[in-house]
Amino acid sequence: MAAAFTWFHLWLFSCLAVVSMAKAQDPDHFIFNNGFRNANLKLDGNAKIHSNGLLQLTNTSILLTGHAFYPSPTNFNTSSGSARSLSFSTNFVVAIVPESEEASGHGVAFVISKSSDFSHASPIEYLGLANESTNGNSLNQFFAVEFDTILSIDMNDLDDNHVGIDLNGVKSYRQVTAEYYFNEERKNIRLNLKSGDSIQVWIVYDGQQQLLNVTLAPENSPKPDQPLLSTSIDLSDILMDTMYVGFSAATGSIESCSHYILGWSFNRGGEAQSLEMSKLPKLPKNDGRRNMVRMISIIAAVLLLLIIIGAAYVYWREKYGELHEDWEKEFGPHRFSYRTLYIATKGFKDKQLLGSGGFGKVYKGTLPCTKEQIAVKKVSHESGQGMREFVSEIVSMGRLRHKNLVRLLGYCRRKKQLLLVYDHMENGSLDKFLFSVEKPTLTWFQRFQIIKGVASALLYLHEEGEQVVLHRDIKASNVLLDSDLNGRLGDFGLARVYDRGGDPQTTRLVGTLGYLDPELTRTGKATKTADMFSFGAFLLEVACGRKPFDPEKPSREIFLVDIVKRCWTRSAIIDAIDPRLQGNYVAEETEKVLKLGLLCSNPNPDLRPTIKEVVQYLEGNASLPDIPLDTAQNIPFSILETLSQSTEINISTANNLASDPVIPFPSLAGQGLSQNSFSSTNSVLHIGR
Ligand SMILES: *[C@@H]1O[C@H](CO)[C@@H](O)[C@H](O)[C@H]1NC(C)=O
Ligand SMILES: *[C@@H]1O[C@H](CO)[C@@H](O)[C@H](O)[C@H]1NC(C)=O
Ligand SMILES: *[C@@H]1O[C@H](CO)[C@@H](O)[C@H](O)[C@H]1NC(C)=O
Ligand SMILES: *[C@@H]1O[C@H](CO)[C@@H](O)[C@H](O)[C@H]1NC(C)=O
């Protein structure tokens with residue numbers, strides 16, 4: 001069965017081969033779909049047939065012409081008297097491949113000519129069809145469709161990418177810009193003749209209607225429904241009984257293209273057979289332009305890849321990048337990677353935000369490996385001198401261990417950012433319990449426990465460690481409460497961040513108004529006694545349930561210490577106690593705390609108790625010294641206390657003012673000291689969080 005089919009097929013193929021060979025010999029009907037190897041074309045000039053059957057009319061050298069004609073002439077049978085005998089149809093595939101991307105020149109044409117001898121024809125704008133003296137002469141007797149890639153003014157060319165109908169000369173009878181009709185979108189699309197790609201061409205002449213259609217399409221497109229050019233033309237003066245059908249091409253005088261014909265079919269009197277694009281010979285691959293295009297696209301792809309890699313790297317650095325310096329190696333174990341913190345805090349999402357303030361934002365997080373709850377504080381900083389010292393201080397503080405200190409687990413450094421990692425305290429900061437309604441009121445017992453806890457933490461920092469650690473920002477918002485509502489002092493030493501990078505002549509003042517030792521503003525020097533002043537303010541706020549400094553209040557009540565002091569002079573210090581306690585307190589303890597608060601608020605640093613003494617009083621191991629009434633009365637308004645609205649002050653200004661004790665608070669306030677009059681870039685007074 002299979003064998004029968006094979007024999008049958010063989011027979012069929014041989015018949016077809018004979019028929020097609022016979023057809024190929026007929027000058028009225030022929031098709032070259034597999035190359036021109038056996039076509040026996042009449043070639044001249046630069047024209048040649050490649051081994052794969054490709055017809056090349058010219059290469060890219062300048063001033064070349066090349067012709068290829070079907071070997072025997074076509075007879076348009078004028079004697080038949082029928083106009084129909086002049087009809088013809090042809091379909092071919094042409095490729096114009098420029099020497100380089102920009103090069104051009106000059107053009108190729110389909111020709112039907114009385115003579116096949118074009119040896120006297122010129123290249124360049126004559127396209128190998130005529131010369132200067134014969135151009136347009138009716139004796140030439142040719143019809144051509146030119147594909148011209150140069151604008152020749154002399155020939156009235158339209159542009160440098162046009163199709164023209166030529167009769168006996170290259171000044172076109174009709175010309176149009178090369179386009180093709182795109183069936184799907186029903187519109188014309190520009191076609192670049194010298195793109196180097198194959199272009200399909202259909203030329204149909206109806207002798208009866210004297211109508212010529214020229215249609216173009218890119219390689220692999222179906223035949224367009226609309227011709228590029230449809231013109232009425234009478235070819236009866238040109239088409240005679242012996243006409244040669246073929247192609248002509250010419251190169252330019254400066255730059256050039258190679259001109260190729262890949263396939264060709266022709267039919268006089270009927271429709272030309274369609275070419276099968278897949279069977280056509282291939283264009284040479286080692287073409288300069290193509291190589292260049294390939295090279296450019298490879299380079300572009302590599303560049304694109306590099307850009308993508310670069311962008312990814314920049315993105316990664318922006319997201320996770322850190323600042324590492326050699327000296328940090330010794331602190332390695334205390335260093336967290338930014339990525340860890342990023343994951344722990346879910347990308348520092350707002351949802352994780354615990355609070356924000358003067359020092360920066362604090363985020364809640366969970367360490368990915370240990371599931372430990374942490375709080376990450378983001379502090380902006382300029383990395384520069386002193387960073388090393390600061391980090392070593394941070395790390396040494398990380399070694400401090402006390403049950404009433406918030407543990408500092410480590411740090412991470414990024415550009416302009418320092419991240420400090422602390423234990424997370426479940427109940428947040430104490431100020432929320434004292435000043436806002438969202439948390440329950442703390443009982444006196446709880447408050448007293450917290451006060452004692454913070455005092456013992458401060459004792460540890462001041463007296464019990466290997467070195468003295470000054471806290472410099474003691475206040476309720478820096479006291480955090482663990483799950484059992486034990487007070488833990490946080491943020492110790494952090495104030496030092498702001499000591500760095502400023503003008504050495506002026507020290508940055510850090511602290512919170514109302515907690516800030518007036519003496520500190522004069523000397524600019526952090527001391528234990530300054531910490532005690534803040535601690536005093538802290539004692540008062542815990543006992544009284546209001547902030548030490550409240551600019552919203554009437555001027556007599558702006559400073560908590562004034563209120564307590566007035567109660568004290570009335571011998572009714574207990575009146576200052578937080579009304580929310582509703583009388584549930586231990587009078588002895590509250591009195592002790594309030595008096596200690598006043599003692600610590602003494603403007604004279606030397607008269608303030610030390611933390612050791614405070615702890616002894618609180619524990620009841622020593623009895624409180626009497627506060628002389630006049631001392632209490634003499635607590636003056638610190639000049640700093642007048643700066644109610646300002647967030648930044650110039651310390652030198654503050655110094656001058658502070659050394660002048662006669663200006664009382666109300667008069668200064670009356671003068672309307674504005675923020676501007678105290679602003680300075682070097683010295684910053686931070687008002688709490
Ligand atoms: C073009 O063909 C001519 C003749 O074959 C040859 O001398 C010349 O080197 C060729 N030019 C190029 C660029 O190949
Ligand atoms: C020319 O046309 C006439 C009349 O139609 C016809 O008899 C003759 O065979 C044709 N000659 C050729 C060569 O086709
Ligand atoms: C132009 O071509 C004709 C023949 O077609 C020839 O006799 C003549 O010499 C040519 N002129 C030039 C300038 O080449
Ligand atoms: C030539 O094009 C015109 C316009 O599209 C069309 O009407 C005509 O049928 C075409 N003629 C041939 C022979 O294709």
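Indexing begins at 1, ligand by ligand and atom by atom, following the structure's order. Numbers here simply count residues along the sequence, with the first being 1. When reading the values below, keep in mind they use all heavy atoms of this one structure, side chains included, and skip hydrogens, waters and symmetry mates.
- Side chain of D197 to main chain of P218: no donor-acceptor pair is present (N/O by atom type, distance under 3.5 Å, no hydrogens or angles).
- With hydrogens and angles disregarded, a donor-acceptor distance shorter than 3.5 Å links the side chain of T251 to the backbone of S61.
- Test K171, E125, H106 against S152 for side chain to side chain donor-acceptor pair (under 3.5 Å) and you get one pass: H106.
- For the side chain to side chain contact (heavy atoms under 4.5 Å, CB included) with F88, the lone residue among L235, D28, V204 that qualifies is L235.
- Interface atoms of ligand 1 facing T60, defined by a heavy-atom separation under 4.0 Å, are 13 (C).
- Note: F92 and F110 meet the aromatic proximity criterion, with ring centroids under 6.0 Å apart.
- The distance criterion of under 3.5 Å between nitrogen or oxygen atoms is met by N213 with respect to ligand 4.
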Note down each nitrogen or oxygen pair, ligand 2 side and protein side, whose separation is under 3.5 Å; give only atom names and the distance to 0.1 Å.
unit_1   : atom_1 : unit_2 : atom_2 : d
ligand 2 : 2 (O)  : N77    : OD1    : 3.4
ligand 2 : 2 (O)  : N77    : ND2    : 2.2
ligand 2 : 11 (N) : N77    : ND2    : 2.8
ligand 2 : 14 (O) : N77    : ND2    : 3.3

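- Counting only distance, with no hydrogens or angles, the side chain of N267 and the backbone of E271 share a donor-acceptor pair below 3.5 Å.
- Note: F118 and Y126 fail the aromatic proximity criterion, with ring centroids not under 6.0 Å apart.
- Ring to ring, F348 and Y338 are close: their centroids are under 6.0 angstrom apart.
- Residue V204 approaches ligand 4 through these ligand atoms, each under 4.0 Å from one of its heavy atoms: 13 (C).
- Checked by distance only, ligand 1 and S61 come closer than 3.5 Å through their nitrogen or oxygen atoms.
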